[in-house]
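Computation of the quantities below employed the complete heavy-atom set of this structure, encompassing side-chain atoms and omitting hydrogens, waters and symmetry-equivalent molecules. Residue numbers begin at 1 in each chain, while the letters A, B, ... track the order of the sequences. From a predicted model like this one, the values you see are computed outputs, not experimental measurements.
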Amino acid sequence: MTASATPRPARYWLMKSEPEECSIDDALAAPNATVPWTGVRNYQARNFMRDDMQVGDGVLFYHSSCPEPGIAGLARVASGTRTDPTQFDPASPYYDPKSPADKPRWLLLDVQAQRKTRVVGLAELREHPDLAQMRVLQRGNRLSITPVEPVEWAAIMEMLG
DNA sequence: GCCAACGTTGGC
DNA sequence: GCCAACGTTGGC
């Protein structure tokens, strides 16, 4: 008899992307609306991908470093991790000459865009009491991937209607 | 363009 | 292992 793995409850994440590089529109226009999440160069964010994110997890697609920063769409984790090839590409802005070819430092996973939303900006997010602890709203937050609590996800779904 | 916050680097 | 210097992020 085979032990059937009990799927863990869905988790939720916020992933930042500069829309000039890959906007929610760009992701939706990609084949199968799926894009490889290249360029993560922070160990904590990498470890989230490697250790905690699973196919099917919900993703808030966040636009950063742009005129209207905020949540701009919904997506899902669409693959497990694999080597991020941009770390070995000298022409890439994400090139990491210190990453050993036989032991790559950096990983990526696929993200499948589901839909574009209205932009929910930081000011609006800060108004919601359930979001007071949200990682992306904390002072000095710089992580490009952060966990989102179920209560926070629910509040944002409600804001989106 | 400013600047606060944070992670990384590297000398010691 | 400490910690100052430096580079990057990212909202404003």
| Short question: side chain of Q87(A), backbone of W106(A) - any donor-acceptor pair under 3.5 Å? | yes

| Polar side chain donor-acceptor pair, R41(A) to S99(A), under 3.5 angstrom | no

| field | Pair F61(A) and W37(A), ring centroids less than 6.0 Å apart | value | yes

| remark: Per-nucleotide protein contact along nucleotides 6-12 of chain C, 5' to 3', at a 4.0 Å heavy-atom cut-off (B base, S sugar-phosphate only, - neither), is -BBBBSS

| task | Among residues two or more places apart or on two chains, list those pairs meeting salt bridge (charged side-chain N to carboxylate O under 4.0 Å, His left out) that have a residue in residues 54-74 of chain A. | result | R8(A)-D57(A)

| task | Would you please say whether a donor-acceptor pair under 3.5 Å links the side chains of S23(A) and D25(A)? | result | no

